[in-house]
Amino acid sequence: MVLTELGGQISSALQKMSNVTVIDQKALQECINEINRALLQADVSFKLVQTLATNIKKTVNPDDLAAGHNKRKIMQQAVFNELCGLLDPGKPSYTPKKGKQCVVMFVGLQGSGKTTTCTKYAQYYRKKGFKPSLVCADTFRAGAFDQLKQNATKANIPFFGSYTETDPVAIAQTGVENFKKENSDLIIVDTSGRHKQEASLFEEMRQVSEVTKPDLIIFVMDSSIGQAAFDQAQAFKQSVPVGAVIITKMDGHAKGGGALSAVAATKSPVIFLGTGEHMDEFELFDVKPFVSRLLG
Ligand code: GDP
């Protein structure tokens, strides 16, 4: 289901309730059930949907709805606030600071869009006056270094990697050390992924994190992974201290639900959205417009 369809379903649930003359607990519950169904279909996890429903019931009083002229608006505001709340982990993520050498490590499954997103991120900060650099510590996927090299060359960003070294931990360490000497103030480390969550991947992430000592670890997630989002994000968070999330492929048949799950699982905010394959298809994440779009 695309975001606008979700918005449509929620709007229609609110409209139905708005047309009911008597708003009692039953009418409220029916409206909440319809909203829940729409959210579940959009891959918001079952647990989050339950939390949202409980909170709406706590904050919305049917008596206010009965007396108020604009029931639809009251409910819409409650849903809006709850969704915003679910996307807000309560603390901002670390942001790179000019003049301080910071290391940012990217993690995520293979195909999530990590390599593409690393260059987009580098470019975003270069426009802000940083001196970014890219380290390719993905030795698992054939062609990963070539891809990073190609993106980095096009974007004119210094890069480091190896065709012969097979140890990702060694590459990550050398790459970060080299760029520190070259005074890069934003060293971005791209890591290996796997098609699924595997113990060896998480051990590798732990080791890369140990040698590079990142100031920030960003979890990259494909928006189309559906209900798997929570477990996937949680598995990464359990192996390394993820501090931010980037959701990619929001230009496709993207569902909004994964973002909510990723925030809940990592207790970290979404910071950017990937909206296309091109390097400039990258947006700063902003909670309110995202939820507005979700609600249609
Ligand atoms: P990695 O295996 O995690 O490093 O993933 P890649 O960066 O190689 O991306 C996998 C595929 O997804 C590539 O074909 C990318 O061009 C594509 N991709 C990455 N981000 C986006 C995005 O935001 N939108 C779209 N449509 N495609 C993307």
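Start at 1 and go down the list; that is how both ligands and their atoms are numbered.
Around atom NZ of Lys97, more than 12 heavy atoms belonging to other residues, nucleotides or ligands sit under 6.0 Å away. Heavy-atom contacts from other residues, nucleotides or ligands closer than 6.0 Å to NZ of Lys100 number more than 12.
Within the structure, ligand 1 lacks Gly252 among the residues with a heavy atom less than 4.0 angstrom away. Note on ligand 1: Gly193 sits outside its first shell, no heavy atom being nearer than 4.0 Å. Using a 4.0 Å heavy-atom cutoff, Gly111 is listed among the residues neighbouring ligand 1. Look at Lys120 and you'll find a heavy atom under 4.0 Å from some atom of ligand 1. Using a non-hydrogen distance threshold of 4.0 Å, Leu273 does not register as a contact of ligand 1.
Between Lys131 and Asp185, no side-chain nitrogen of the basic residue sits less than 4.0 Å from a carboxylate oxygen of the acidic one, so the salt-bridge criterion is not met. At a threshold of 4.0 Å, the pair Lys114-Asp138 does not count as salt-bridged, since none of the basic side-chain nitrogens sits closer than that to a carboxylate oxygen. Taking a cutoff of 4.0 Å between a charged side-chain nitrogen and a carboxylate oxygen, Arg194 and Glu204 qualify as a salt bridge. With respect to Arg206 and Glu210, a salt bridge is recorded, a charged nitrogen being found less than 4.0 Å from a carboxylate O.
The nearest protein atom to atom 22 (C) of ligand 1, hydrogens excluded, is given as Gly276 O, 3.2 Å; this is a heavy-atom distance. In terms of protein heavy-atom proximity, atom 4 (O) of ligand 1 is closest to Thr115 OG1, 2.7 Å. For atom 26 (N) of ligand 1, the nearest non-hydrogen atom of the protein is Asp251 OD2, 2.7 Å. If you check which protein heavy atom lies closest to atom 7 (O) of ligand 1, you get Thr116 OG1, 2.6 Å. Shortest contact from atom 8 (O) of ligand 1 to any protein heavy atom: Gln147 NE2, 3.0 Å. Atom 18 (N) of ligand 1 has Lys249 CE, 3.9 Å as its closest protein atom, hydrogens excluded (heavy atom only). The closest protein non-hydrogen atom to atom 5 (O) of ligand 1 is Gly113 N, 3.1 Å. Of the protein's non-hydrogen atoms, Lys114 N, 2.8 Å is the one closest to atom 3 (O) of ligand 1.
Close approach of ligand 1 to Gln110 (heavy-atom distance below 4.0 Å) involves ligand atoms 2 (O). For ligand 1, the atoms sitting less than 4.0 Å from at least one non-hydrogen atom of Leu109 are 3 (O), numbered in the order shown with element in parentheses. If you number the atoms of ligand 1 from 1 as listed, the ones under 4.0 Å from a heavy atom of Gly274 come out as 23 (O).
In this structure, a donor-acceptor pair under 3.5 Å is present between the side chains of Thr115 and Asp190. Side-chain contact of Gln77 with Asn81: a donor-acceptor pair under 3.5 Å is present, judged by distance alone. Inspection of the Asn33 and Gln29 side chains reveals an N or O donor paired with an N or O acceptor under 3.5 Å.
Using bins of under 30°, 30° to 60° and over 60° for the plane-to-plane angle, the ring pair Phe272/Phe282 lands in the parallel bin.
In this structure, CZ on Phe130 lies 8.0 Å from OH on Tyr121, to the nearest 0.5 angstrom.
Any N or O atom pair closer than 3.5 Å counts here, and Asp190 shares no such pair with ligand 1. Considering backbone and side-chain atoms alike, Glu277 places an N or O below 3.5 Å from some N or O of ligand 1.
Neither the backbone nor the side chain of Thr117 has any atom closer than 4.0 Å to an atom of ligand 1 (non-hydrogen atoms only). In Met250, neither the side chain nor the backbone holds a heavy atom less than 4.0 Å from any atom of ligand 1.
Taking each heavy atom of Val103 and Thr212 in turn, the nearest pair found is CG1-O, 3.9 Å.
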